[in-house]
Colleague: 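A single structure is presented below for examination.
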Amino acid sequence: MRLVSPGARYPKLYQAFKNSQEIADVINRSPRYVKKALKRGFTEKEKQILINFKKQKDLFEESA
């Protein structure tokens, strides 16, 4: 997920992970769920899991 579409909600998340399957494996969800969550938002627990996995606190800063 290196490329960020113009309306991407979490640009740093797109850069940190290779694809939606990788995110799905980390949070134990389906890739389909991840694609929906990229639009609607992740739960706080999922955000913490992803932040701890990549050790980056700014993964969920929304684009300006």
Side-chain angles (χ1 to χ4, degrees):
M1 293 184 353
R2 300 278 182 231
L3 298 177
V4 178
S5 61
R9 188 168 182 185
Y10 307 118
K12 298 216 178 193
L13 188 66
Y14 277 85
Q15 294 169 356
F17 288 92
K18 187 168 55 171
N19 55 34
S20 60
Q21 180 64 53
E22 187 178 3
I23 296 172
D25 291 342
V26 172
I27 62 173
N28 198 25
R29 297 285 187 160
S30 70
R32 185 176 176 187
Y33 173 87
V34 170
K35 289 175 183 171
K36 286 182 182 178
L38 285 168
K39 293 178 184 171
R40 290 185 284 155
F42 289 92
T43 65
E44 288 302 315
K45 186 175 182 179
E46 291 166 346
K47 287 179 181 181
Q48 285 304 313
I49 291 170
L50 292 168
I51 288 169
N52 290 338
F53 183 78
K54 283 294 183 175
K55 296 175 179 53
Q56 292 180 356
K57 295 184 187 237
D58 60 349
L59 283 179
F60 291 95
E61 288 181 3
E62 295 195 26
S63 60

Colleague: With side chain to side chain contact (heavy atoms under 4.5 Å, CB included) as the test, would you mind laying out the steps for T43 and I27 before giving the verdict?
Modeller: CA-CA 11 Å; T43 65; I27 62 173; over 6 Å; no
Colleague: If you take all heavy atoms of A24 and S30, which pair is closest and at what distance?
Modeller: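 Reported closest heavy-atom pair: CB-C, 3.7 Å.
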Colleague: What distance do I23 atom CD1 and F42 atom CZ have between them, rounded to the nearest 0.5 Å?
Modeller: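 The distance works out to 5.0 Å.
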Colleague: Between P31 and Q21, what is the shortest heavy-atom contact and its length?
Modeller: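 Taking P31 first and Q21 second, the nearest heavy atoms are CG-OE1, 3.0 Å.
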Colleague: Out of curiosity, L13 CG to F17 CZ, how far, rounded to the nearest 0.5 Å?
Modeller: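 CZ of F17 is found 6.0 Å from CG of L13.
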Colleague: Listing request: all salt bridge (Lys or Arg N to Asp or Glu O under 4.0 Å) pairs with a residue in residues 27-44, at least two apart in sequence or in separate chains.
Modeller: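 Sorted pair list: R29-E46, E44-K47.
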